[in-house]
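The structure under discussion appears below in the form of structure tokens.
Each chain gets a letter, A, B and so on, in the order its sequence line appears, and its residues count up from 1.
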Amino acid sequence: MTPTRVKFYQTGSFAVGNRLLPADLRAVQSDPTRTNSLTSGHRACQGCGEALAARYVLDAAMRASKGRLVTVNATGCLEVFSTPYPETSWRVPWLHSLFGNAPAVASGVAAALKAQSRTDIRVLGQGGDGGTVDIGFGALSGMFERGDDVLYVCYDNQGYMNTGVQRSGATPPAARTSTTQAVGPEPGNVFGQGKSAPLIAMAHEIPYVATATIADLRDLEYKVERAMALHGARYLHVLVPCPLGWGSTAGQTVAIARLATQSGIFPVFEAEDGVLTASTPIRRHVPVEEYLRLQARFRHLFEPERRADVIDRIQAAADHNIERFHLLSGEG
Amino acid sequence: MERPFAITLEVGSSLANHTGAWRTERPVYADKLPPCNDACPAGENVQRWLYEAEDGHYERAWRELMRDNPFPAIMGRVCYHPCQTACNRGKLDEAVGINAVERFLGDEAIRQGWTVPVTAAPTGKRVLVVGAGPSGLAAAYHLRLAGHEVTVRDAGRRPGGMMRYGIPAYRLGRDVLDAEIDRILAMGVTFEPETPVTDAAAALADFDAVFLAIGAQLSRRTDIPAGDSARILDALGVLRGVAEDEPPLLGRRVVVYGGGNTAMDVARTARRLGATDAVVVYRRTRQRMPAQPFEVTEAEEEGVRMHWLTTITAAGNGTVTVEKMRLDETGFPQPTGEFEELPADSMVLAIGQDVDRSIVDGLAGVRVDSGVVQVGADMMTGVPGVFAGGDMVPSERTVTTAVGHGKRAARYIDAWLRGRPYQSPARPPRAAFERLNTWYYSDAPATVRPRLDAARRTSTFDEVVGGLDEDTALFEARRCLSCGNCFECDNCYGVCPDNAVIKLGPGRRYAIDLEYCKGCGICVTECPAGAIDLVPEEP
Ligand SMILES: Cc1cc2nc3c(=O)[nH]c(=O)nc-3n(C[C@H](O)[C@H](O)[C@H](O)COP(=O)(O)OP(=O)(O)OC[C@H]3O[C@@H](n4cnc5c(N)ncnc54)[C@H](O)[C@@H]3O)c2cc1C
Ligand SMILES: Cc1ncc(C[n+]2csc(CCOP(=O)(O)OP(=O)(O)O)c2C)c(N)n1
Ligand code: SF4
Ligand code: SF4
Ligand SMILES: [Mg+2]
């Protein structure tokens, strides 16, 4: 299933709003009364994709839960930039405990609400890729296998950004981080390591797993809404470019996420009960190079000379995704 | 303050933290000049009226259009639409069918009987417009709207100029022509038909200002040796005869000499008058023809045959002699000495028109150069108070250019009558294709206008090209990318990670909250229309 696409109204449903559409067909983000769950004054870098995604996700979840939502946040940029004492940017009930235990805390909140018969209140756990894919992974897997009634959202900026851009299990091969320097014959992060949290989540056969990016708002909002309509353990993995860690221009944050999807390097799909149910087709296919070039973390692939060997390997990964998730198979 | 259980701290909001202080650049909304507007000879704000049409506000769209051009229905039929040639969407798939939408709006206005009220206070100033062609009528319209008294004198029986006596009915239906002209006359313009003005200087005595728009109505001749019995006509005469319901006898085989739109119209008219064989002879190549490609195609569809690279050397009884040409290295046609006889009951000359300059003979200050009257940027001739426009001045010689001249002249005449300078509005920077974020536009192939069957076209003067129905016109309007101008898609409002874009409500667009805007520029990149610029903060 994919979000309802409006056939043709100038910008169709590509843009956030579109004055030609009735209000109920516009994005939550176009609503002047949206929650603004993460409000102004937060200290995220200029053009932070994670800050943008968090508002997108939580505003949609707030609409879906009619405002009855509790959020649990892992340590990481999202937590640090939003809540320096004595301020908070959150306009939703929000809890923070540790770096590695957000899924467990979320499970606990869900259990407590259940004990109080407050099943009308929904629980959303969230964290960065480090907190989710690495240190929090045990807690997350537990949450999945028990089927706790939590939607867990990972904001994947492909590294430990808050502490100075260290490699995580979600860092892509060849990327330079402070712990995978661009030196030696195979500069940057090594090939053949790391993991796909969405695919592992699918292996738990939980009701809902999906990937999304900040480049396709309607798709992201649809997935939050869909996830909120279900119960049990659900997982949403959102790609969020990080201008600081990726070495990209702040104004290009959304554009880079779009190139990630249009090159196939980040497949956008949906799965229910462990089965792939839909993928978002590529609309304007581009070679991965167009995506890589905009990011200083891959600069060593182009300077001092072009590393065709490495770029080809990344391209092969993108091509593999295209095949595996049917990203170029016409209308989706 | 009483705090809930286990809450020990006062909750402070991050709104206290004004992140706008981080900014080194700021986003600024700009209204740029879309290429369509830039290219329109009548200076229409195309993007703006398409915007109104996009949500079905046809009357608002029409009124926006009427600010610049009183002939939407005529434009939608005869304008060569340089706007579409310039349209940015042409770089994406195909240009927006601006002209087709314009026609829809014009026709809708006629159906609905929309009119433009004269609301300006009467100025008591009297302006004489000489010539009721598109230029004169457009000037009359704008001058009336400005509150002046306008008298239009024309040598002909009916108003319209070449729109009536040149352009055939199969391209411009007469009901449409009449409706749009009558609407102007009904605004209180005094029209005096069959009143040729021979002396502009004399007219100046009775009026506060004069606008000359007499067109280029003299058919050019050429000296082709011709036998006594050769039947040679000029194109304007033929077209005028048809327009006056007194079609000339052309015979079955007609040879037309020339390669412009007039030649095409005469040949196509000949077919409709019963010529079995209509041949256009032109000395250059198809590519060099001044006629529009679509006119050539339509003529060919109707069975008109073309002889490129050919000149006529003699006209005799029932034949013309033609000589083949060839292009020399400089691309100039040169005679080859190869001759051919073409059967011809008549030969029609369509080799250009000249301006009858005698009207300005009495005005010593008026400069005539290259056969046309010279005017300044304000459309004024060398004589104060005497303005001129349309085909009689340096011009592209199209209806739309004539209309644009009429508008421009009216603006300057108005200022001149009020004794103050006219300030034309500043031109914003052009909305470049490169600044659009085309990702956000739906894929939408252009629509095609219905056309009359070729078989039926040679037997009637019915309009060849049909109009769009409402659904199709709406679809076409919505293909517009709104280049360089906000169209309220909410993208900036959505994509700001800092909530620093304020949505002001329908029709009011947005504002940047500079208290919080960090100047990341995502809104600038993601604005589909490229309507936001990032400008450096003053240090
Ligand atoms: C056959 C043909 C087809 C064309 N097709 C197109 C087309 O498809 N699209 C397009 O854009 N352009 C077309 N054109 C060109 C277009 O018609 C002219 O550029 C336009 O009409 C010029 O407008 P105007 O007001 O300057 O002059 P005109 O339209 O020539 O009007 C001048 C008016 O002045 C009157 N007049 C002349 N002398 C006097 C006088 N001494 N006193 C009083 N009145 C006088 C005339 O009677 C006439 O009514 C075509 C031209 C021809 C000949
Ligand atoms: C147990 C523990 N180890 C290390 C840290 C330091 N730490 C805080 S945030 C962070 C990285 C966060 O990375 P990620 O989860 O990807 O979030 P991001 O900042 O990239 O959004 C680390 C290592 C900690 N807070 N707790
Ligand atoms: S380091 Fe990256 S994730 Fe963290 S606030 Fe900056 S841009 Fe956002
Ligand atoms: S897309 Fe619209 S605004 Fe842009 S040039 Fe074409 S008609 Fe004009
Ligand atoms: Mg991270």
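- For Val495(B), the parts sitting under 4.5 Å from any heavy atom of chain A are the backbone and the side chain alike.
- For a residue to count as touching a neighbouring chain, one of its non-hydrogen atoms must lie under 4.5 Å from one of that chain's; by this rule Glu54(B) touches chain A with backbone and side chain alike.
- Proximity to chain A (any heavy atom under 4.5 Å) is shown, for Asp513(B), by neither the backbone nor the side chain.
- Between the side chains of Tyr493(B) and Gln29(A), no donor-acceptor pair is found at a separation under 3.5 Å.
- Taking all atoms of both residues into account, the shortest heavy-atom contact from Arg91(A) to Asn36(A) is NE-O, 3.4 Å.
- Under 4.0 Å is where a charged nitrogen must lie from a carboxylate oxygen, and between Arg67(B) and Glu64(B) at least one such pair does.
- Between chain A and the options Val524(B), Ile502(B), Asp490(B), heavy-atom pairs under 4.5 Å are most frequent for Asp490(B).
- Scanning for side-chain contact (heavy atoms from CB on, under 4.5 Å) contacts around Ala296(A) gives Arg176(A), Arg299(A), with sequence neighbours left out.
- Residue with the most contacts toward chain B among Glu87(A), Arg19(A), Gln252(A): Arg19(A) (heavy-atom pairs, distance under 4.5 Å).
- Phe487(B) does not carry Arg509(B) over the face of its six-membered ring by the limits of under 6.0 Å from the centre and within 45° of the normal.
- Contact check on Glu52(B) versus Arg48(B) returns a salt bridge, with a Lys/Arg side-chain nitrogen under 4.0 Å from an Asp/Glu carboxylate oxygen.
- Inter-residue side-chain proximity for Arg449(B) and Arg103(B) is flagged as met; some heavy-atom pair is nearer than 4.5 Å.
- Most heavy-atom pairs under 4.5 Å with chain B: of the set Pro32(A), Ala53(A), Ala54(A), Pro84(A), this distinction falls to Pro32(A).
- For Tyr510(B), no part lies near chain A; criterion is any non-hydrogen pair under 4.5 Å.
- With salt bridges taken as basic N to acidic carboxylate O contacts below 4.0 Å, one links Arg63(A) and Asp31(A).
- Ring centroids of Trp114(B) and Trp62(B) are separated by less than 6.0 Å, placing the two rings close together.
- Qualifying side-chain hydrogen bond (donor to acceptor under 3.5 Å, both in side chains) partners for Glu221(A), counting only residues two or more places apart in sequence or in other chains: none.
- Heavy atoms of Asp59(A) lying under 4.5 Å from chain B are absent altogether.
- In this structure Arg26(A) satisfies the side-chain contact (heavy atoms from CB on, under 4.5 Å) test together with Leu21(A), Ser30(A), sequence neighbours excluded.
- Between Tyr291(A) and Trp246(A), the angle of the ring planes goes over 60°, which puts this pair in the perpendicular group of the 30/60° scheme.
- Residue Leu78(A) is tested with His96(A), Met161(A), Glu50(A) for a side chain to side chain contact (heavy atoms under 4.5 Å, CB included); the sole match is Glu50(A).
- Most heavy-atom pairs under 4.5 Å with chain A, from the set Cys496(B), Gly505(B), Cys517(B), Pro528(B): that is Cys496(B).
- Looking at Leu38(A), only its backbone comes within 4.5 Å of chain B, counting heavy atoms on both sides.
- For the set Cys523(B), Ala477(B), Cys480(B), the entry with the most heavy-atom pairs within less than 4.5 Å of chain A is Cys480(B).
- Heavy-atom pairs under 4.5 Å with chain A peak, among Gly521(B), Pro506(B), Ser13(B), at Ser13(B).
- Residues from residues 255-267 of chain A that place a non-hydrogen atom less than 4.5 Å from a non-hydrogen atom of chain B comprise Ala255(A), Arg258(A), Gln262(A), given in numerical order.
- The contact between Tyr440(B) and chain A is made by backbone and side chain atoms together, counting heavy-atom distances below 4.5 Å.
- Of all the listed residues (Ala250(A), Ser40(A), Ser82(A)), the one sharing the greatest number of non-hydrogen pairs under 4.5 Å with chain B is Ser40(A).
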